[in-house]
Amino acid sequence: RKPQDYWHTSSPPKFVSVEELMETAKGVTNMALAHEIVVNRAFQVKLSEPAEGSLEKRVKDIMHKAFWDSLEAQLNEDPPSYDHSIILVGEIKETLLSFLLPSQGRLQKQIEEALDLSLIQQQAGNGALDIRRIAQFIIGMMEALCAPCRDEDVRKLHDISETVPLLKAVFSVLDEMKIDMANFAVSSIRPHLLEQSVQYERKTFQEFLAKQPNALDFTEKWLQDTAVALRSGEIGPSVGAESGSSPLLTVHNHAYLRLLKWDHNSVPFPETLLMDQLRFQEMQLDLERLSVVASVLLIVYNCAGEAIAGLPGLMERLKKTIVVLLSEMHMSSFNADEAFATISEKLCCMLGECLSEHAFLPFTTERQSALKGQIVAVRSPDNTIRKLIDSRIQTYLLTVLERTPHRSPIAVPGGLAPIGKELDDVSVRFGHLVNFNKQVYYPFYQRILQNILKDDTVMTSV
């Protein structure tokens with residue numbers, strides 16, 4: 001299907017000026033950053049470095065080497081030339097001042113006095129400049145202002161005696177300190193962002209929608225396709241249908257579940273969830289792996305029966321073996337046939353050892369062969385056991401979405417107990433993303449869903 005097939009003829013393109021586009025892009029960029037800080041508790045600012053071996057990296061290294069070589073040549077002149085050094089001291093001074101809070105007036109005064117560029121310029125002209133004294137002041141100030149995790153890096157600066165290597169190291173550590181300060185700022189503003197983010201994202205998206213009226217086309221199609229799938233019986237049955245949830249909520253919750261089965265390579269993702277697409281994709285891959293693990297374990301325990309039921313530690317050992325062998329399941333280099341054949345061999349070997357250890361009769365050759373065949377068959381997404389496990393996972397996640405606050409914990413469906421901890425982790429991430437997304441975009445979703453469900457045939461079927 002071509003991308004243009006997803007655009008609705010009812011939403012003609014709106015022509016806007018370059019200035020409007022730039023302003024809109026800035027707003028969306030800021031919204032994306034705020035969203036990332038709110039939903040990703042592990043979010044951190046990191047130094048941007050060009051890839052090793054890249055043209056950008058080579059150019060950067062050449063430019064830096066040329067600069068530092070030039071500085072060293074100036075300092076080796078007789079008498080030394082301090083023009084570039086003083087410029088660097090000025091940059092260091094501005095960086096140190098940027099670390100200060102408004103209340104740290106005393107430190108600001110110390111920096112201003114010790115790194116007075118006009119005075120330093122005079123000292124250099126008179127041949128009285130003590131560059132080492134200036135360096136020691138800078139290092140001392142860095143020690144006072146750095147985060148505890150940076151103490152060792154700053155301490156090592158005292159061991160550098162040459163001026164140019166010292167200045168290079170000072171700038172490197174200052175770059176790290178800037179990142180530390182940025183991450184401290186992020187952690188400080190996160191609670192405030194949480195309070196304001198829903199209204200901020202909704203307002204920013206509304207402004208974007210005003211300039212791009214077709215900016216909800218993929219979202220409309222996502223919800224429309226879900227309603228059609230429910231009506232045709234392609235997906236469901238719905239937990240909501242049994243618990244009295246409204247048709248609107250039923251369609252909406254099933255729509256979120258469909259995002260965990262998405263074809264990211266060929267089907268455009270809903271616009272209202274684009275900022276979370278990678279997170280949904282990660283959950284989708286996690287669930288596919290968990291489904292395979294649970295399927296294989298269900299087959300093993302059904303085949304072995306009471307002989308291994310309840311044996312302490314066996315389930316975890318089997319599970320660990322499967323997880324390790326499936327660790328590259330979604331990489332292009334993964335060989336499914338080889339991996340599942342290895343899993344079947346290893347599990348049969350482990351079961352044989354366990355049965356022997358507990359004085360049970362070993363599996364016959366025919367029984368081993370049958371077990372291996374069933375395990376290998378799980379590699380197909382259409383495998384009956386795998387589809388059963390997958391269906392139970394979907395039911396569990398749907399229950400998570402339709403559960404009201406303060407309800408008792410959700411019972412894990414049969415066959416999913418071995419992956420219960422991992423499944424709970426995914427469900428928490430899933431629920432958090434969905435609930436936040438609903439809060440932000442509820443007015444848009446409500447209008448779209450009401451238009452979809454105004455057809456009585458759809459209303460009654462879901």
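In this text, all values refer to a predicted model and were calculated from it rather than measured experimentally. Counting begins at 1 with the first residue of the sequence.
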Donor-acceptor under 3.5 Å (Ser344 side chain, Ala341 main chain): yes
Exceeds 12 heavy-atom contacts within 6.0 angstrom, atom NZ of Lys438: yes
Pairwise distance CG(Leu75) to NE2(His84) - rounded to 0.5 angstrom: 10.5 Å
Flag, side chain of Glu271 to backbone of Asp217, donor-acceptor distance under 3.5 Å: yes
Contacts of type salt bridge (Lys or Arg N to Asp or Glu O under 4.0 Å), residue Arg386, not counting sequence neighbours: none
Sidechain N-carboxylate O distance under 4.0 Å for Glu353, Arg317: no
Met141 CE to Leu97 CG distance, which is reported to the nearest 0.5 Å: 9.5 Å
4.5 Å side-chain heavy-atom contact, Ile343 and Val378: no
Side chain to side chain donor-acceptor pair (under 3.5 Å): pairs with one or both residues in residues 55-65, sequence neighbours excluded: Glu49-Lys60, Lys65-Asp69
Val434 and Leu259, any side-chain heavy atoms less than 4.5 Å apart: no
Verdict with reasoning, Tyr301 to Leu314, per side-chain contact (heavy atoms from CB on, under 4.5 Å): CA-CA 11 Å; Tyr301 272 77; Leu314 177 62; 3.9 Å; yes
Results of ring-ring contact (aromatic ring centres under 6.0 Å, His included) for Phe430 - residues two or more places apart only: none
Close side-chain approach of Lys93 to Ile120, heavy-atom, < 4.5 Å: no
Residue pair Lys203, Glu207: steps toward the salt bridge (charged side-chain N to carboxylate O under 4.0 Å, His left out) verdict: CA-CA 6 Å; Lys203 177 176 177 290; Glu207 292 170 352; 2.8 Å; yes
Asn183 (side chain) donor-acceptor with Ile179 (main chain) under 3.5 angstrom: yes
Minimum heavy-atom distance between Ile139 and Val154, given as atom pair plus value: O-CG1, 3.8 Å
Stepwise side-chain contact (heavy atoms from CB on, under 4.5 Å) test for Val89 and Tyr82: CA-CA 10 Å; Val89 170; Tyr82 292 106; over 6 Å; no
From Ser85 atom OG to Leu129 atom CG, the distance as rounded to the nearest 0.5 Å: 8.0 Å
Trp262 versus Pro268, closest heavy-atom pair with distance: CZ2-O, 3.2 Å
Nearest heavy atoms of Ile419 and Leu290, plus distance in Å: CD1-O, 3.7 Å
Minimum-distance pair of heavy atoms, taken over all atoms of Arg150 and Cys146: CB-CB, 3.9 Å
Salt-bridge contact Asp424-Lys421 (side-chain N to carboxylate O under 4.0 Å): no
Flag, side chain of Ser327 to backbone of Val324, donor-acceptor distance under 3.5 Å: yes
Heavy-atom neighbours of Lys319 NZ exceed 12 at 6.0 Å: yes
Inter-residue atom distance Leu416.CG - Asp390.CG, 0.5 Å rounding: 10.0 Å
Trace of the side-chain contact (heavy atoms from CB on, under 4.5 Å) decision for Thr163 with Leu71: CA-CA 10 Å; Thr163 301; Leu71 178 63; over 6 Å; no
Validation row: Leu433, Tyr256 side chains within 4.5 angstrom (heavy atoms): no
Lys/Arg N to Asp/Glu carboxylate O, Arg155 vs Glu152, below 4.0 Å: yes
Donor-acceptor contact present, side-chain Arg202 to main-chain Gln199, <3.5 Å: no
Over 12 foreign heavy atoms within 6.0 Å of CZ, Phe67: yes
Residues His330 and Gln281: side-chain donor-acceptor under 3.5 angstrom: no
4.5 Å side-chain heavy-atom contact, Leu287 and Leu423: yes
Crowding at OH, Tyr442 (>12 non-hydrogen neighbours, <6.0 Å): no
Closest non-hydrogen atom pair between Leu166 and Leu157, with its separation: CD1-O, 3.5 Å
Ile322 side chain near Phe340 side chain, heavy-atom distance below 4.5 Å: no
Worked check of side-chain contact (heavy atoms from CB on, under 4.5 Å) between Thr272 and Val440: CA-CA 9 Å; Thr272 52; Val440 173; over 6 Å; no
Point-to-point distance, once rounded to the nearest 0.5 Å, from CG of Leu223 to CZ of Arg258: 9.0 Å
Non-hydrogen side-chain atoms of Phe269 and Asp276 separated by less than 4.5 Å: no
Under 3.5 Å: donor-acceptor pair, side chain of Ser81, backbone of Gln74: no
Close side-chain approach of Glu288 and Gln284, heavy atoms under 4.5 Å: yes
Heavy-atom pair with the smallest gap, counting every atom of Ala411 and Tyr396: O-CD1, 4.0 Å
Donor-acceptor under 3.5 Å (Asn437 side chain, Leu273 main chain): no
Distance in Å, Thr219 OG1 paired with Leu274 CG, rounded so as to fall on 0.5 Å steps: 7.5 Å
Within 6.0 angstrom of Gln277 CD, more than 12 heavy atoms from elsewhere: yes
Check: Met275 main-chain N/O paired with Arg279 side-chain donor or acceptor under 3.5 Å: yes
Expected output: side-chain Asn76 to main-chain Glu72 donor-acceptor under 3.5 Å: yes
Side chain Trp222, main chain Ala255, donor-acceptor under 3.5 Å: yes
Chi angles and distances behind the salt bridge (charged side-chain N to carboxylate O under 4.0 Å, His left out) call for Lys156, Asp159: CA-CA 5 Å; Lys156 289 178 180 178; Asp159 301 331; over 6 Å; no
Parallel, tilted or perpendicular: rings of Phe205 and Tyr441 (30°, 60°): perpendicular
